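Ligands are counted one by one from 1 in listed order, and the atoms in each one are counted from 1 as well. These numbers come from a predicted model, not from an experiment.
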Amino acid sequence: MATIEQSSADAASAPREIPVENPATGEVIRTIPATTPAEVATLVARARAAQPAWEALGFEGRGQILRRAQKWVTDNSARIVETIVSETGKTWEDAQLAEVAYAANAFGFWAKRAPKYLADEKIRSSNVFVAGRKLAVRYRPVGVVGVIGPWNYPLTNSFGDCIPAMAAGNAVVLKPSEITPLTSLLMAECMRECGLPEGVFAVAPGYGDTGSALVDAVDMVMFTGSTATGKKVMARAAETLTPVSLELGGKDPMVVLADADVERAANAAVYWSMQNGGQTCISIERAYVVEPIYDDFVRRVTEKVQALRQGQPGGPGSVDVGAVTHPPQLDIVRRHVDEATAAGARVVAGGHARETGGRYFEPTVLVDVDQDMSCITEETFGPTLPIVKVADEAEAVAKANDSRYGLGAYVWTKDTAHGEAVARELESGAVCVNDAQVNYLALELPMGGWKESGLGVRHGAPGIRKYTRQQALLVTRIAPKKDVHMFPYKARTSRMLGGLVKLLYGRGKRA
Ligand code: NDP
């Protein structure tokens with residue numbers, strides 16, 4: 001865990017400027033100032049001062065601004081796509097479908113759903129000792145939420161979590177990845193133009209020390225990023241007992257059973273492993289295919305991957321797979337492919353990095369892969385698909401579950417009832433049958449990781465309630481001057497109450 005001395009040393013050594021690079025070309029497109037830890041404290045203080053009035057606006061008043069922002073996003077979609085593409089090197093479609101469309105939907109969704117998910121809940125208790133009382137649960141915003149985001153989806157995964165936090169009545173300070181801060185700055189412009197009161201939302205671009213300072217200052221942390229950093233954030237937050245919600249890494253398995261529609265499974269395997277250059281937490285990162293259809297599946301996947309077009313993204317339809325956004329990621333992808341081939345795996349498509357005029361790794365398929373190779377045990381986060389041949393469903397399920405991660409998992413079979421039964425055996429926060437990733441679009445469905453993939457969920461009722469404090473209310477309206485259990489204790493009353501406990505709870509059988 002970082003000590004105070006360490007973090008001041010980090011703060012002193014961290015650069016105070018952020019050169020933002022276009023990974024598809026290698027050019028620096030803009031340099032912006034990094035927020036110092038002292039500036040973070042100021043931004044949080046401003047947010048804290050602005051929050052009560054924002055909360056007091058109520059769901060209707062806040063919803064109006066969120067709906068304006070929804071319109072702003074659709075009106076300015078070209079500008080947003082251009083910004084995302086320029087700082088991530090992802091394709092036009094990956095920015096349009098998985099980011100702009102997500103944000104446009106999310107603004108309307110949370111504006112509409114927040115009042116329902118956060119309405120006071122009337123509670124009925126079966127306990128006779130509280131009979132006659134009014135019981136309720138109400139939700140109050142925590143105050144200031146610190147959102148810390150990764151570089152792979154600067155709109156969906158960084159700014160996206162700010163929407164429910166604000167809809168719940170919180171002020172938000174967002175620390176985007178230093179690799180991709182421009183989209184968040186554009187969203188700050190969006191919120192200003194849509195009439196969000198000053199101070200309710202602020203962006204703090206910066207490095208790790210900016211993130212640590214934010215963890216120290218806020219009332220709740222929503223973190224999306226790697227498992228390693230997530231553990232550091234949780235340890236840091238423990239010092240101030242600040243609640244955290246963690247959306248971390250994944251190693252999503254795909255299980256393809258003998259009766260699967262092999263063509264659909266192959267198309268899905270290629271798309272959901274290569275979309276966004278494989279830099280998606282819920283990418284298909286490993287495929288387990290049963291022996292009878294393995295050769296057919298591998299042949300189809302190989303042909304499709306070999307046909308993918310990769311390069312600098314232009315407008316719609318220009319390329320299928322873009323660049324590697326984060327420089328160190330290229331080394332991880334290369335190492336996983338090299339270690340696999342050194343241990344006996346074969347590359348049947350791609351396999352090489354290209355670093356002239358941008359940073360790319362070819363869409364790659366690995367076969368003859370074993371369960372203990374790093375391409376199976378570690379998160380790769382790149383355009384690779386390792387395929388493992390398994391004897392049967394039982395082996396596929398056992399190997400799919402043999403991972404420290406548990407974010408998403410996918411099953412392919414024509415027997416959907418059986419597919420659902422297999423899905424229930426998989427140790428993962430979400431499982432799709434004959435599909436992948438699209439559960440993320442259903443904002444009504446909670447999305448979060450098991451095991452080392454996270455803590456808490458985004459989306460659904462729990463995805464907004466986490467930005468609140470629950471308050472239990474009990475109101476006693478009609479009551480005697482003195483309840484029967486009150487002082488002074490009397491033997492007769494105590495025996496009578498003991499008898500009542502036996503009567504109420506002692507009638508069950510022991511065996
Ligand atoms: P990192 O963990 O490296 O960084 C995430 C964010 O944390 C960045 O903004 C980073 O800043 C910041 N940070 C770094 N150190 C600290 C610190 N000590 N305290 C507070 N904040 C800190 O993740 P990546 O950006 O590399 O993102 C990729 C990862 O995110 C993958 O593992 C992926 O699976 C995961 N992810 C998970 C999702 C989910 O929903 N479960 C969704 C999307 C991605 P800086 O960039 O300046 O280092």
Would you be so kind as to tabulate the donor-acceptor pairs closer than 3.5 Å made by side chains of residues 100-110, with sequence neighbours excluded?
{"from": "Tyr102", "atom 1": "OH", "to": "His459", "atom 2": "NE2", "distance (Å)": "2.6"}

Discussion item. As a test of reading the model: which residues have a non-hydrogen atom less than 4.0 Å away from ligand 1?
Written reply: Ile148, Gly149, Pro150, Trp151, Asn152, Asn157, Lys175, Pro176, Ser177, Glu178, Gly206, Tyr207, Gly208, Gly211, Ser212, Phe223, Thr224, Gly225, Ser226, Thr229, Val233, Glu247, Leu248, Gly249, Gly250, Cys281, Glu379, Phe381, Leu407, Met447, Arg458

Worksheet item: Would you call Asp209 and Arg16 a salt bridge, taking side-chain N to carboxylate O under 4.0 Å as the test?
Response: yes

Discussion item. Between Gln437 and Tyr271, do the side chains contain a donor N or O and an acceptor N or O under 3.5 Å apart?
Written reply: no

Discussion item. Please report the interatomic distance CG(Asp219) to CZ(Arg469), rounded to the nearest 0.5 Å.
Written reply: 5.5 Å

Worksheet item: Is Glu178 reaching over with its side chain to a backbone N or O of Ile18, donor-acceptor style, under 3.5 angstrom?
Response: no

Worksheet item: Quick one: is the NZ or CZ of Lys90 closer than 6.0 Å to the six-membered ring centre of Tyr153, and within 45° of its axis?
Response: yes

